[in-house]
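To start, the structure under review is shown below, and the notes come after it.
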Amino acid sequence: MANALLIRGGRIIDPGQEIDKTGSLLIKEGKIAWLGDGTPPDADYDVLDADGLIVCPGFIDLHCHLRQPGDEEKETIATGTRAAAKGGFTTVCCMPNTNPPLDNESMISYVKTVAANESPIRVLPIGCVTLGRKGEELVDMSELEMAGAIAYSDDGAPVSSPEVMRRALEYSRDFHRPIIDHCENLFLTQGGQINEGVVSLELGLRGIPATAEELFIQRDLDLARETGGHIHIAHVSTEGSVELIRAAKEEGVPVTAEVSPHHLTLTEEAVLKFNTYAKVNPPLRTERDTLALLRALNDGVIDIVATDHAPHTASDKDCEFTQAAFGISGFETALGNLAGLILNSELSLNTLVAALTIGPARILGYEKLGTLEVGAPADVTIFDLHREWVVDAAQFVSRGKNTPLDGQTLKGKVMVTLYLGQPVYMDESLKIEARDGI
Ligand code: DOR
């Protein structure tokens, strides 16, 4: 084996550097060493032929659930991160709604230690906003900060008290960290199962109204405006939410926002026939909402795509609809779920790559991630936008086989994921070879 790797002849897309061209990438000692369209300066390298493939920075997921500690029957750090690598992710930020939750220094250290030993990729833990995610008492942010928390969230639950949220934003502003809020007015969602609308009426299920999300977002935007703290709105799902965020951004409020692949491609109709695999919180909405989300991603009102990978066991899902857990296992279908939008010209390829790379890196304030700049860590994802494949949830690396896409034929497949220059996932049709003639 040579001590360097040349990824040869792919379409290199690096929105952070405004690069979109055919070329080659040289990786050496875990870093990007050269990017160009001729022959690299070094003589000693192996070659990975990327002809016809897209080469971009490794995907960064700002929102996922790895379930460890406490819910290892759903997922572990080892299985979740392998699934993420298969989905093209080289960095994942894990939510703190574990058991116990990540609300103190030792829990953050635990996740970091397990990840250091068992994860093939980078794991960045998100700390709770409040102790036990109870919404009452703020965590000790400076303690969590020292331990390595990269953002704060009570995800799975909102921070209902405006007083607590206001203080959280004040503290996090000083640490330059985002508060990621799961925006849900619980008074409006009690017992809610799916979007409030025609499908909830037809199935006789209690609905979750759009206003439950929108009222909450409005409050968060007001608090961010007042405090100057960075609010990041998790899993935006409605047209009204988009309009609130758009107006706040125009005003200069420090807000960023994410959308999940399933909210871009699926509607409430996916739960017809009481399909628990499409039960997710916030719920799948209407076509009008998906179109608004798509427009918002294309025009930058929504900054990033985040999977909200939420693995659950078969028994969490194969039960009465009202008893079923909320959540979709999303790492392994993220690209395939979205590539169709690109192929139909509904989403720009550069926008999607930015939303999965430089976008989340900027929200985190990590200049060296999400880019193929010379000297940056060699986190690289190579994918085939046109490659067709059939989703077979039974074959997921994730323990969570819960996807409403099972059995569907998708286009867009991750072929190789490199983390610090090392392959952590490679499709069997590709191989790394010694340089011709050496
Ligand atoms: O559907 C969801 N599942 N939404 C959330 O907010 C939490 C997540 C989970 O942890 O399962």
Side-chain angles (χ1 to χ4, degrees), residues 61-77 79-80 83 92-103 111 125-126 128-130 132-133 135 151-160 179-186 188-195 205 208 212-213 216-217 220 232-238 241 257-264 266 268 270-271 275-285 306-317 319 321-331 333-334 337 398-405:
D61 191 3
L62 197 66
H63 186 152
C64 73
H65 300 270
L66 297 179
R67 306 296 192 207
Q68 188 176 348
D71 290 311
E72 287 83 353
E73 71 288 357
K74 295 177 194 267
E75 192 77 288
T76 65
I77 290 171
T79 57
V92 295
C93 305
C94 58
M95 282 295 172
N97 62 336
T98 49
N99 257 323
L102 311 184
D103 65 0
V111 168
I126 298 169
C128 296
V129 176
T130 64
R133 296 175 53 249
Y152 299 89
S153 181
D154 278 355
D155 184 61
V159 178
S160 289
I179 300 284
I180 305 176
D181 207 10
H182 167 122
C183 292
E184 174 177 353
N185 182 317
L186 296 174
L188 288 170
T189 62
Q190 282 308 314
Q193 300 294 316
I194 62 173
N195 182 47
L205 289 171
I208 299 175
E213 178 172 310
F216 216 90
I217 291 180
D220 279 359
H232 177 79
I233 310 291
H235 40 52
V236 176
S237 75
T238 78
S241 300
E258 70 187 37
V259 63
S260 66
H262 45 267
H263 287 114
L264 286 168
L266 301 173
E268 58 184 352
V271 291
N275 181 4
T276 57
Y277 285 74
K279 179 176 174 180
V280 64
N281 190 18
L284 302 173
R285 305 281 188 183
T307 67
D308 196 5
H309 173 74
H312 289 290
T313 64
S315 56
D316 291 330
K317 285 289 193 180
C319 57
F321 198 92
T322 54
Q323 301 302 310
F326 288 97
I328 291 174
S329 179
F331 281 147
T333 55
N337 195 2
S398 168
R399 285 194 177 162
K401 317 294 181 198
N402 49 305
T403 174
L405 302 175

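Side-chain atoms are counted along with the backbone in the values below, which use heavy atoms only and exclude waters and symmetry mates. Remember, it's 1-based here, ligands and their atoms both numbered in the order they're listed. Start at 1 with the first residue, then count along the sequence.
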| Separation of His235 NE2 from His63 NE2 (nearest 0.5 Å) | 4.5 Å
| task | Under 4.0 Å from a heavy atom of Gly156: give me the atoms of ligand 1 that qualify, with their elements. | result | 6 (O), 7 (C)
| message | For a quick test of reading the model, state the closest non-hydrogen atom pair linking Pro96 to Arg133 and the distance between them. | response | O-CD, 4.0 Å
| request: State the CD1-CG distance between Ile328 and Asn281, to the nearest 0.5 angstrom. | output: 11.0 Å
| Do any nitrogen or oxygen atoms of Ala310 come within less than 3.5 Å of a nitrogen or oxygen of ligand 1? | no
| query | How are the rings of Phe331 and His309 set to each other: parallel, tilted or perpendicular (split at 30° and 60°)? | reply | parallel
| Under 4.0 Å from ligand 1, counting heavy atoms only, is it the side chain of His63, its backbone, both or neither? | neither
| request: For ligand 1, find out whether one of its N or O atoms is nearer than 3.5 Å to an N or O atom of Val280. | output: no
| query | Can you tell me which residue and heavy atom of the protein come closest to atom 5 (C) of ligand 1, and the distance to 0.1 Å? | reply | Asn281 O, 3.6 Å
| request: Identify the protein heavy atom lying closest to atom 11 (O) of ligand 1, giving its residue, its atom name and the separation to 0.1 Å. | output: Arg67 NH2, 2.8 Å
| task | For ligand 1, indicate whether the residue His182 contacts it via side chain, backbone, both or neither (heavy-atom separation under 4.0 Å). | result | side chain
| request: Nearest 0.5 Å please: distance from the CG atom of Leu62 over to the CD1 atom of Ile126. | output: 5.5 Å
| request: For Asn97, take its heavy atoms, then give the atoms of ligand 1 lying under 4.0 Å from any of them. | output: 10 (O)
| remark: The side chain to side chain donor-acceptor pair (under 3.5 Å) partner of His65 among Thr98, Asp308, Asp71 is Asp308
| query | At their closest point, which heavy atom of Ser237 faces which heavy atom of His263, and how far apart are they? | reply | CB-CD2, 3.8 Å
| Within reach of ligand 1, part of Ile328 (heavy-atom separation under 4.0 Å) | neither
| task | Measure the distance from atom 3 (N) of ligand 1 to every protein heavy atom, then report the residue, atom name and distance (to 0.1 Å) of the closest one. | result | Phe326 O, 3.1 Å
| note | If we number the atoms of ligand 1 from 1 as shown, the ones under 4.0 Å from a heavy atom of His312 are 11 (O)
| said: Under a 3.5 Å distance rule, please check whether Asn337 uses its side chain to pair with a backbone N or O of Ala334 as donor and acceptor. | reply: no
| Can you find a non-hydrogen atom of Lys74 under 4.0 Å from ligand 1? | no
